[in-house]
Chemist: 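Quick one: the structure is below, questions incoming.
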Amino acid sequence: MASVHESLYFNPMMTNGVVHANVFGIKDWVTPYKIAVLVLLNEMGRTGEAAVSLMERRRLNQLLLPLLQGPDITLSKLYKLIEESCPQLANSVQIRIKLMAEGELKDMEQFFDDLSDSFSGTEPEVHKTSVVGLFLRHMILAYSKLSFSQVFKLYTALQQYFQNGEKKAVEDADMELASREEGERKMEKEELDVSIREEEVSCSGPLSQKQAEFFLSQQASLLKNDETKALTPASLQKELNNLLKFNPDFAEAHYLSYLNNLRVQDVFSSTHSLLHYFDRLILTGAESKSNGEEGYGRSLRYAALNLAALHCRFGHYQQAELALQEAIRIAQESNDHVCLQHCLSWLYVLGQKRSDSYVLLEHSVKKAVHFGLPYLASLGIQSLVQQRAFAGKTANKLMDALKDSDLLHWKHSLSELIDISIAQKTAIWRLYGRSTMALQQAQMLLSMNSLEAANAGAQQNNTESFAVALCHLAELHAEQGCFAAASEVLKHLKERFPPNSQHAQLWMLCDQKIQFDRAMHDGKYHLADSLVTGITALNSIEGVYRKAVVLQAQNQMSEAHKLLQKLLIHCQKIRNTEMVISVLLSVAELYWQSSSPTIALPVLLQALALSKEYRLQYLASETVLNLAFAQLILGIPEQALSLLHMAIEPILADGAVLDKGRAMFLVAKCQVASAASYDPLKKAEAVEAAIENLNEAKNYFAKVDCKERIRDVVYFQARLYHTLGRTQERNRCAMLFRQLHQELPSHGVPLINHL
């Protein structure tokens, strides 16, 4: 798109083969591609309304704007675009260009002379102030300024442009014929088409100022909202380098280069491009013209602020703090309250691990509202809600705060923050163990996105909040045993967020966790162990925890205990309460598997106290479930059964399928243990009730394909059927147990010690 071949493209800023540095001194110039677009406009004006249908004319009008604003493309590509809109007009344009290119120079001269007639008459074909009218006038003016030698070069370039288009048409015809004969080469043809499209982009002439600005704004918008439709990092960087070759002081190109380097996590190149952007902004005087003498200082303080944000993104917190101090110092000297407000927000980000950071955040929100900065105020409220959620505040207060921020969003049309707010609600409901509410919020975000796309024809909303909501959706489906649905969600995530995109790590971690859980359910511990490395690379804490879970399943108790103790100390230090409780539950499980249930009780009580304090209802229910199991082992099943009645409702309402099965299995165990002292009739009734609960537990375990737990259930059922004297059912369960036991050999852990 930006590389120039002197023999093909005429550039009025070129003298003796040397391009002048200020290539954007002229707003627009004539190129062979623009002559082809002018021919299209001329033919549209000459063709009567009866010859072209209303739908075809509408499609042509929609095509015009990208043709006028976009970069130059090859003639064959232009023909194809016109043919898709109106085949009849495409044929007329092709004939007209062919006659001009194969004719003489006077044919092109005559064509430009006739263009002025479009504005003549009482009812002209084109209005002078319209988009098309302005383009025609720019082209006529640019052409009239050319010398004879420049006109001759332009005509030669037009002939070459036409010949290249003809060659490309012949190649396409040959390729189509070959693909019909050999269907198995379809994939190769698609790869060749992609390479040709990239070549088209790189073979067009130097961009005019308008084309360059349109290209930069389009790519920047795509990087923000729909990265998959933007050029690949390598292709985009190549185009930017070519663009900067003709105008090194084009500041916006340096900024897009900075955004592009952020995609691939290139800290050196992104820092280099960011500094160049602000250097060029000061050198060109763009800031000083609009802001007087204040412009230079404004560029400097925002340069320091952006540098701080960049270092913070890459985890260089010390450098970020130094850059932020510099930005604050310059902003205070200039009395720039808006810049200071941004600095205050970043101060919170850098110091959010401190206990008093909420004071800074509350002050930031108040100041943002005072200075009329709704975007910053809303982000502050979102951060405050997130912090309060981790601190254990009640859900109703958090939702009220989010409702206030939503009012700001709708009032100021901050659609991006609306998505963030819904994603935040999804995460909060999951944190509190309300999976139904989390599912509802995630689906709300998806439906809002689909409505926007249907109503406005908008591009896909491939933002971080959308990725977060989809990941929650995949995990929620996997928890309920709907692995096919979770797989479809992940497939969609992979399409919308390719591996090289900036939010791909979210679905990568989600995918690895789901695969890990499935492997553990299926008893394939070697496969689960191989997945731990990938999880650790994406989230070190989660990886260490899952490594301990695998070691525990493999009966390597001492190694698992050491790992869990280290993780517990680390999580307590960084205040990751959710993981602390999960680790405590795993430690308690280690104790009773080691036949030490009395030592497990204080650990479980500590986990329960934390769950209640931070209002983590689901983790609290799971802790009560473990406490009941510990009491069963200690020989007090009646107390365990009464505890279960407290915990089972939230688990059955919002729990994962595996936890529902564990709960029902434990209820059955407690019923049988409690019935030991009953009279024969009452004991038989209790055993029948336990068998029903075991059937329900078996159905839950079957949903997640957890064969090891199904084996435990059928073993227990066989024993109960034997007690009741039901030989046929006992034999059926015993046969099923034998099949599963041969497939999954026992690790030597007694069945009673496995929850």
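Because the structure is a prediction, the values reported are computed rather than measured.
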Chemist: Taking Leu527's backbone N and O only, do any of them form a donor-acceptor pair with Ser530's side chain (distance below 3.5 Å, no angle check)?
Modeler: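 Yes: the side chain of Ser530 pairs with the backbone of Leu527.
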
Chemist: Would a 4.5 Å heavy-atom cut-off, applied to side chains only, mark Leu223 and Leu236 as touching?
Modeler: yes

Chemist: For Arg615 versus Gly392, what's the shortest heavy-atom pair and its separation?
Modeler: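 Heavy-atom minimum between the residues: NH1-O, 2.7 Å.
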
Chemist: For Thr623 and Leu619, indicate whether the former's side chain and the latter's backbone hold a donor-acceptor pair under 3.5 Å.
Modeler: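 Yes: the side chain of Thr623 pairs with the backbone of Leu619.
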
Chemist: If you count the non-hydrogen atoms of other residues, nucleotides and ligands that lie under 6.0 Å from CD in Glu495, is the total more than 12?
Modeler: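 Buried by this count: over 12 neighbours within 6.0 Å.
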
Chemist: What pair of heavy atoms forms the shortest contact from Ile514 to Ala474, and how long is it?
Modeler: CD1-O, 3.9 Å

Chemist: Can you tell me if Gln219 uses its side chain to pair, donor with acceptor, with the backbone of Leu231 under 3.5 Å?
Modeler: yes

Chemist: Measuring from Asp266:CG to Asn260:CG, what's the distance to the nearest 0.5 Å?
Modeler: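 With rounding to 0.5 Å, CG (Asp266) is 9.5 Å from CG (Asn260).
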
Chemist: With distance as the sole criterion, is a donor-acceptor pair present between the side chains of Tyr258 and Asn306 under 3.5 Å?
Modeler: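 There is no such pair (donor and acceptor under 3.5 Å, judged by atom type) between the side chains of Tyr258 and Asn306.
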
Chemist: Grab the two heavy atoms, one from Cys312 and one from Val349, that are nearest each other, plus how far apart they are.
Modeler: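 Shortest heavy-atom separation between Cys312 and Val349 comes out as SG-CG1, 3.8 Å.
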
Chemist: Counting C-beta onward and ignoring hydrogens, is there a side-chain heavy-atom pair between Leu398 and Lys425 closer than 4.5 Å?
Modeler: no

Chemist: Please report the interatomic distance OG(Ser611) to CD(Gln617), rounded to the nearest 0.5 Å.
Modeler: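 Between Ser611 OG and Gln617 CD, I get 11.0 Å after rounding to 0.5 Å.
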
Chemist: Return yes when atom CD of Glu559 has more than 12 non-hydrogen atoms of other residues, nucleotides or ligands closer than 6.0 Å, and no otherwise.
Modeler: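 Above 12, so yes.
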
Chemist: Any donor-acceptor pair under 3.5 Å linking the side chain of Ser378 with the backbone of Pro374?
Modeler: no

Chemist: Gln382 versus Leu402: any side-chain heavy-atom pair under 4.5 Å?
Modeler: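 The answer is yes, as the side chains (C-beta and beyond) meet within the 4.5 Å cut-off.
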
Chemist: Evaluate the criterion side chain to side chain contact (heavy atoms under 4.5 Å, CB included) for residue pair Leu431 and Leu616; output intermediate values, then yes/no.
Modeler: CA-CA 7 Å; Leu431 178 70; Leu616 305 176; 3.8 Å; yes

Chemist: Just verifying a value: how many Å separate Met508 CE and Asn539 CG, rounded to the nearest 0.5 Å?
Modeler: 14.5 Å

Chemist: When you look at CD of Gln505, are more than 12 heavy atoms from neighbouring residues, nucleotides or ligands closer to it than 6.0 Å?
Modeler: no

Chemist: OH of Tyr700 to CZ of Phe665: how many Å apart, nearest 0.5 Å?
Modeler: 15.5 Å

Chemist: For a 4.5 angstrom cut-off between non-hydrogen side-chain atoms, does Tyr348 reach Ser364?
Modeler: no

Chemist: Provide the closest heavy-atom pair for Phe701 versus Gly661 in the form atom of the first, atom of the second, distance.
Modeler: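 Closest approach of Phe701 to Gly661: CZ-C, 3.3 Å.
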
Chemist: Could you measure the distance from the CG atom of Leu274 to the NE2 atom of His272? Nearest 0.5 Å is fine.
Modeler: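 One finds 11.0 Å between CG of Leu274 and NE2 of His272.
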
Chemist: Between Ser273 and Ser269 (side chain of the first, backbone of the second, donor and acceptor by atom type, cut-off under 3.5 Å), is there such a pair?
Modeler: yes

Chemist: If we only count heavy atoms from C-beta on, is the Leu625 to Ile651 side-chain gap below 4.5 Å?
Modeler: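 When only atoms from C-beta onward are counted, Ile651 and Leu625 do touch, with a gap below 4.5 Å.
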
Chemist: Do Leu493 and Leu490 have side chains that get closer than 4.5 Å, going by heavy atoms?
Modeler: yes

Chemist: Ignoring hydrogens and angles, tell me if any N or O in the side chain of Asn241 forms a donor-acceptor pair with the backbone of Gln237 under 3.5 Å.
Modeler: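 Yes, because the side chain of Asn241 sits within donor-acceptor range (under 3.5 Å) of the backbone of Gln237.
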
Chemist: Quick one: does any side-chain atom of His570 pair with a main-chain N or O of Lys566 as donor and acceptor, under 3.5 Å?
Modeler: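 Judged by distance alone, no pair lies under 3.5 Å.
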
Chemist: For residues Ala478 and Ala486, report the shortest heavy-atom separation together with the two atoms involved.
Modeler: N-CB, 4.0 Å

Chemist: Are Tyr545 and Leu567 side-chain neighbours, meaning at least one heavy-atom pair lies under 4.5 Å?
Modeler: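 Counting from C-beta outward, Tyr545 and Leu567 do come under 4.5 Å.
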
Chemist: Tell me, yes or no, whether the heavy-atom count around Arg546 atom CZ, taken from other residues, nucleotides or ligands under 6.0 Å, exceeds 12.
Modeler: yes

Chemist: Determine the minimum heavy-atom distance between Thr394 and Asn396, stating which atoms define it.
Modeler: OG1-OD1, 2.7 Å

Chemist: Please check this pair: side chain of Trp429 against backbone of Gln441, looking for a donor-acceptor N/O pair closer than 3.5 Å.
Modeler: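 Here the side-chain-to-backbone pair does not exist.
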
Chemist: Cation over ring, Arg518 on Phe483, under 6.0 Å and within 45°?
Modeler: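 Yes, Arg518 lies over the aromatic ring of Phe483.
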
Chemist: Let me confirm one number: the CG-CD distance from Asp517 to Gln512, rounded to the nearest 0.5 Å.
Modeler: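 It is 11.5 Å, given to the nearest 0.5 Å.
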
Chemist: Does the plane of the ring in His311 sit parallel, tilted or perpendicular to the ring in His316? Use 30° and 60° as the thresholds.
Modeler: tilted

Chemist: Is there side-chain contact between Arg430 and Tyr618, with at least one heavy-atom pair below 4.5 Å?
Modeler: no

Chemist: I'd like to know whether Glu416 forms a side chain to side chain contact (heavy atoms under 4.5 Å, CB included) with Asp419, so could you lay out the CA-CA distance, the side-chain angles of the two residues, the decisive distance to 0.1 Å, and finally the verdict.
Modeler: CA-CA 5 Å; Glu416 182 186 351; Asp419 295 348; 5.7 Å; no

Chemist: Between Glu622 and Arg662 (salt bridge meaning N to carboxylate O under 4.0 Å), is one present in this structure?
Modeler: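 Answer for the salt bridge query: yes.
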
Chemist: From the options Glu464, Arg313, Arg263, select the one residue that forms a side chain to side chain donor-acceptor pair (under 3.5 Å) with Gln502.
Modeler: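 Result: among Glu464, Arg313, Arg263, Arg313 is the only option passing the side chain to side chain donor-acceptor pair (under 3.5 Å) with Gln502.
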
Chemist: Between Glu227 and Lys224 (side chain of the first, backbone of the second, donor and acceptor by atom type, cut-off under 3.5 Å), is there such a pair?
Modeler: no

Chemist: So which of Lys707, Arg711, Lys524 actually passes salt bridge (charged side-chain N to carboxylate O under 4.0 Å, His left out) with Glu743?
Modeler: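 Considering Lys707, Arg711, Lys524, a salt bridge (charged side-chain N to carboxylate O under 4.0 Å, His left out) with Glu743 is found only for Lys707.
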
Chemist: Is there a side chain to side chain contact (heavy atoms under 4.5 Å, CB included) between Lys660 and Gln480 once you walk through the steps?
Modeler: CA-CA 10 Å; Lys660 291 177 184 178; Gln480 299 306 316; 3.6 Å; yes

Chemist: For atom NZ of Lys494, is the number of surrounding heavy atoms from other residues, nucleotides or ligands below 6.0 Å larger than 12?
Modeler: yes

Chemist: Give a yes or no answer on whether the side chain of Ser257 reaches the backbone of Ala253 with a donor-acceptor pair at less than 3.5 Å.
Modeler: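 The answer is no, because no donor-acceptor pair under 3.5 Å joins these two groups.
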
Chemist: With no hydrogens and no angle check, do the side chains of His526 and Asp529 hold a donor and an acceptor under 3.5 Å apart?
Modeler: no

Chemist: As a quick check of understanding, evaluate side chain to side chain contact (heavy atoms under 4.5 Å, CB included) for Ser345 and Leu379, giving each step before the final call.
Modeler: CA-CA 9 Å; Ser345 301; Leu379 281 178; over 6 Å; no

